[in-house]
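Every heavy atom of this structure was used, including side-chain atoms; hydrogens, water molecules and symmetry mates were not.
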Amino acid sequence: MSNYRYQGAGLGGGGLAGGRGYSGIEVHEVMHPHHFTYVSQCVKYMIFLLNFVFWLFGGLLLGIGAYAFKDKWEEANGSVRLENFYDVFLNISLVMILAGMVIFLVSFSGCLGALRENTFLLKFYSMCLLLFFLLEMAIAIVCFVCPQYMHTFLEKQFTHKIIHSYRDDPDLQNFIDFAQQEFKCCGLSNSGYQDWSKNEYFNCSSPSVEKCGVPYSCCINATDISSGLVNIMCGYGVQNAPVPEARKLIWTSGCIEIVRDWAEHNLYVIAGNALGIALIQLLVIYLAKTLEGQIELQKSRWLA
């Protein structure tokens, strides 16, 4: 919008107001109206709404994790073991709590930073997203460039811990059962179903009725068709059976190898989804930095 101002009569008197100047020339000075702002409302509320959804999701994840951990704490009479990294990482409810807290705090900073036009919160938000992006890229590069290294690392670091903790943590047990049924596998490493000999309940020297057995989730036909009930005893004693006989009853391959084969067969789908997520993250980072720059520009206008 233009504001029209006129020169006064002569160089020494008259000022800016009151009639035309000696030259009669009309001077046009471009000025912004009082209500003008550099801050884009579209960018501002796009960031707010996107982070509001993730803020709700983070709160939901945090609540579910806290409820599950409380339930586990009460069942164990306050004796939940958290002595090392593996105890924390393999505790599903605790992982949900930590992930929920991170999502809740980061998305809340994005919400509040956009809504209140707070550059500190927006800087914190964009920095967190950048760190997440770099971490995801590092993991993706290692997985695609060195798949055999990742396979060996997972086998060495997690097989014993996961198998050993199967009966100790109900959440982990349910997760393992789900994975074995979904991917039609048994155990983790290349040893396949023989991994379960490392569990104190399924070991052949155990006094348990489950000795030399495997979890029911390893069974090919764990559910009775006529009754619809799950036969939890279907895997009993299979560790003593020859491999050809065991293959008729249970899945014998380890889950890490099966998941790796699945990933290789769906490589383009996984890569496409990963690229889509990465582009969305970069877009959100760009929007946050754009809004931050607009706010700084608006502040400089107010101070001018």
Side-chain angles (χ1 to χ4, degrees), residues 61 64-65 68-69 71-73 75-76 79-100 135 139 142-143 146-206 208-220 222 230 232-239 243 246-247 249-264 270:
L61 195 64
I64 294 174
F69 186 80
D71 188 57
K72 183 185 301 182
W73 182 275
E75 286 184 0
S79 61
V80 178
R81 187 175 64 181
L82 298 172
E83 298 175 356
N84 51 50
F85 167 77
Y86 297 103
D87 292 336
V88 175
F89 185 79
L90 298 178
N91 192 315
I92 305 299
S93 58
L94 194 57
V95 170
M96 290 178 66
I97 291 174
L98 295 175
L135 181 61
I139 294 174
V142 172
C143 290
C146 308
Q148 190 58 44
Y149 170 78
M150 284 297 297
H151 187 145
T152 305
F153 173 79
L154 291 174
E155 279 194 356
K156 288 183 177 180
Q157 298 297 324
F158 290 99
T159 297
H160 177 74
K161 293 290 183 181
I162 291 177
I163 296 296
H164 182 74
S165 304
Y166 177 75
R167 291 293 191 201
D168 299 334
D169 188 341
D171 295 333
L172 180 63
Q173 178 177 328
N174 292 332
F175 177 76
I176 294 173
D177 287 336
F178 170 79
Q180 290 188 147
Q181 290 176 317
E182 187 69 19
F183 289 100
K184 299 179 180 180
C185 56
C186 189
L188 291 175
S189 70
N190 288 330
S191 300
Y193 70 101
Q194 294 293 344
D195 282 340
W196 289 105
S197 63
K198 301 172 185 176
N199 184 279
E200 60 181 338
Y201 296 97
F202 297 110
N203 189 281
C204 289
S205 61
S206 171
S208 169
V209 294
E210 297 176 308
K211 66 178 181 179
C212 290
V214 295
Y216 76 91
S217 54
C218 289
C219 296
I220 296 175
V230 176
I232 61 174
M233 302 173 63
C234 61
Y236 285 11
V238 293
Q239 290 185 41
V243 176
R247 284 176 177 167
L249 302 173
I250 63 171
W251 311 110
T252 56
S253 299
C255 289
I256 294 177
E257 184 64 30
I258 295 296
V259 171
R260 179 184 170 185
D261 291 341
W262 174 85
E264 289 177 352
I270 295 173

Residues that N199 engages under side chain to side chain donor-acceptor pair (under 3.5 Å), provided they are two or more places apart
none

Is the side chain of N203 donor-acceptor paired with the backbone N or O of K198 at a distance under 3.5 Å, no angle test?
no

Can you name the residues that form a side chain to side chain donor-acceptor pair (under 3.5 Å) with R247, not counting sequence neighbours?
none

With heavy-atom distances below 4.5 Å as the criterion, would you say the side chains of Q180 and C255 are in contact?
yes

Value rounded to 0.5 Å, distance of CZ in F183 from CD in E257
13.5 Å

Looking at CD of E200 and CG of D168, how far apart are the two atoms once the value is rounded to the nearest 0.5 Å?
6.5 Å

Which atom of V88 lies closest to which atom of V95, heavy atoms considered:
O-CG2, 3.6 Å

Donor-acceptor under 3.5 Å (E155 side chain, L188 main chain):
no

State whether cysteine residues C218 and C186 meet the disulfide criterion of an SG-SG distance below 2.5 Å.
yes

What one should report as the nearest heavy-atom pair of G235 and C219 is N-SG, 3.4 Å

Less than 4.5 Å apart, any side-chain heavy atom of M233 and any of Y216?
no

Assess the pair Y166 and W196: is the distance between their ring centroids shorter than 6.0 Å?
yes

Using the test side chain to side chain donor-acceptor pair (under 3.5 Å), find all partners of T159 that sit at least two apart in sequence or belong to another chain.
none

Looking only at heavy atoms, what is the nearest atom pair of A68 and D171, with distance?
CB-OD2, 4.3 Å

C204 and C212 SG atoms under 2.5 angstrom apart:
yes

If you take all heavy atoms of I258 and C185, which pair is closest and at what distance?
CG1-CB, 3.8 Å

Going from CD on Q173 to CZ on F178, what distance comes out if it is rounded to the nearest 0.5 angstrom?
15.0 Å

Flag the pair M96 / I64 as yes when at least one side-chain heavy-atom distance between them is below 4.5 Å, and no otherwise.
yes

Measure from the side-chain N and O atoms of Q239 to the backbone N and O of F202, and report whether any donor-acceptor pair falls under 3.5 Å.
yes

Contact check, side chains of I92 and N174, non-hydrogen atoms, under 4.5 Å:
no

For the atom pair CG (D195) and NE2 (H160), what is the distance rounded to the nearest 0.5 Å?
11.5 Å

Approximate separation, where rounding is to 0.5 Å, of I139 CD1 and M150 CE
7.5 Å

Residue from D169, L172, I97 passing side chain to side chain contact (heavy atoms under 4.5 Å, CB included) with N91
D169

Using modelled atom types and a 3.5 Å cut-off, is there a donor and acceptor pairing between side-chain atoms of D177 and backbone atoms of S217?
no

Search all heavy atoms of L61 against all heavy atoms of G100 and return the closest pair with its distance.
CD2-N, 3.7 Å

Evaluate the ring planes of F158 and F153, with Trp represented by its six-membered ring, and classify them as parallel (under 30°), tilted (30 to 60°) or perpendicular (over 60°).
perpendicular

Side chains of W262 and I270, heavy atoms from C-beta outward: is any pair under 4.5 Å?
yes

CG-CZ distance between L90 and F175, expressed to the nearest 0.5 angstrom
10.0 Å

Check the surroundings of atom CD1 in I232: do more than 12 heavy atoms from other residues, nucleotides or ligands lie under 6.0 Å from it?
no

